Amino acid sequence: MRYTVNQRVIEYRAEGERMWGENKVLLDVADDLIRETTWSAEGFTVAPITRSPSALLKTARALLQECWHLAGLAIPPDAPAEHYHRFANTHEKHLGAVNFTKLIPIEKFPLGITAIEDRVAEICGIPLVAKNPFDQQSVFHFRVIRPQTGDNNPLHRDVWLEDYRDCINLYIPIAGSNSLSSLILVTGSHHWPESNVQRTTNGGIINGVKFNVPAVTAISGDFDIVRPDPSAGEALIFSPYLIHGGAVNLNHDTTRISIELRLWRR
Ligand SMILES: [Fe+2]
C-alpha cells in the first residue's frame, strides 16, 4: 500500500492472503452515531473536550508513568513522555510496555469518563457510554508511537473487527502529537462500498509485526488522506467505519502518545 502524507510517500507491504470486498457499504446497516452531525460526509471532526487541557495532560502523563513503572521500564519520573523512545529503545522493551498501556479500566480515565461521555454526546446529539455492548468492556488505551519506527498500525477500518461496530472513536493527544505524528484518515471512506478496498483476509503482518486488524493493501480510484492536528484539550472524533491508521511518526526525536477511546449509544 502506497500513500502520500506530509509530502512524503509512505509504503508498506502486508503479508498473507488478500481480498477485495463485496459491493456493500458496512455503514448502511450500522448505527451511524454521526448521522445528524454537520461533518457526517467527511466522517470526522476536531472539537474541544475539556475546559482544563493542562490538568488532562498532567493526569494522563502521571498515569503513563505509573503504567511504565509497572512494566519495569526505567524512565526517570522527570523525563518528558515525548522521550519514551530513548528508554524503550528496542522492539521488545516497547512491546513489554505496551502491554501495560492498553486495556486500562475506564475508572482510571484522566479527570473522569463522565465529562467526556457527556461532551461527545452533546457533539453527536446522542447519549453515549464508554461500554462495549459486544464484550461489556469499559476500557481505554494509550497509543504510543516511537519516531521513525513501524510502531503504527496499517490503514484499516476498525469495524473489520466486529467488536467495534456502531461506536464513535476518539483520538486525544497527550504527548508529541503534531502535524508529523497525529492520526491519518481517509476522508469520506466510511461511505465507500467494500469493493473499493483490497485488504488482508486476516490481521495484517507488516515487517514481521502482527496487527489484530486486517490491513488495507490497495484502494481503487483516488482518495484523500488528511492528518488533522488536534491541540491539547481537543479530540479528533471519527467514525470507526472510516479508513484510518498508517500514522507513521515522522518526527526525529519525539514519541507520539494519544488516548484511544470508544463510545457507544447509551
Ligand atoms: Fe483503528
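Just so we're clear, the structure is a prediction, and the values are computed from it rather than from any experiment. One-based numbering along the sequence shown. In listed order, ligands and their atoms are each counted from 1.
No more than 12 heavy atoms of other residues, nucleotides or ligands shown are found within 6.0 angstrom of CZ on R13.
Taking the ring centre of Y164 as origin, the terminal cationic atom of R262 falls inside the region bounded by 6.0 Å and 45° from the ring axis.
Residues in residues 183-200 take part in these salt bridge (charged side-chain N to carboxylate O under 4.0 Å, His left out) pairs, two or more places apart or across chains: R157-E194.
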The test is salt bridge (charged side-chain N to carboxylate O under 4.0 Å, His left out); show your working for R61 and E66 and say whether it passes. CA-CA 9 Å; R61 287 167 178 232; E66 217 180 281; over 6 Å; no

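The Fe ion (ligand 1) has H156 NE2, D158 OD1, H244 NE2 as protein N, O or S atoms under 2.8 Å away.
At least one donor-acceptor pair under 3.5 Å links the side chain of Y241 to the backbone N or O of D166.
When each of N249, D229, T254, N251 is tested with N178 by the rule side chain to side chain donor-acceptor pair (under 3.5 Å), just one qualifies, namely N251.
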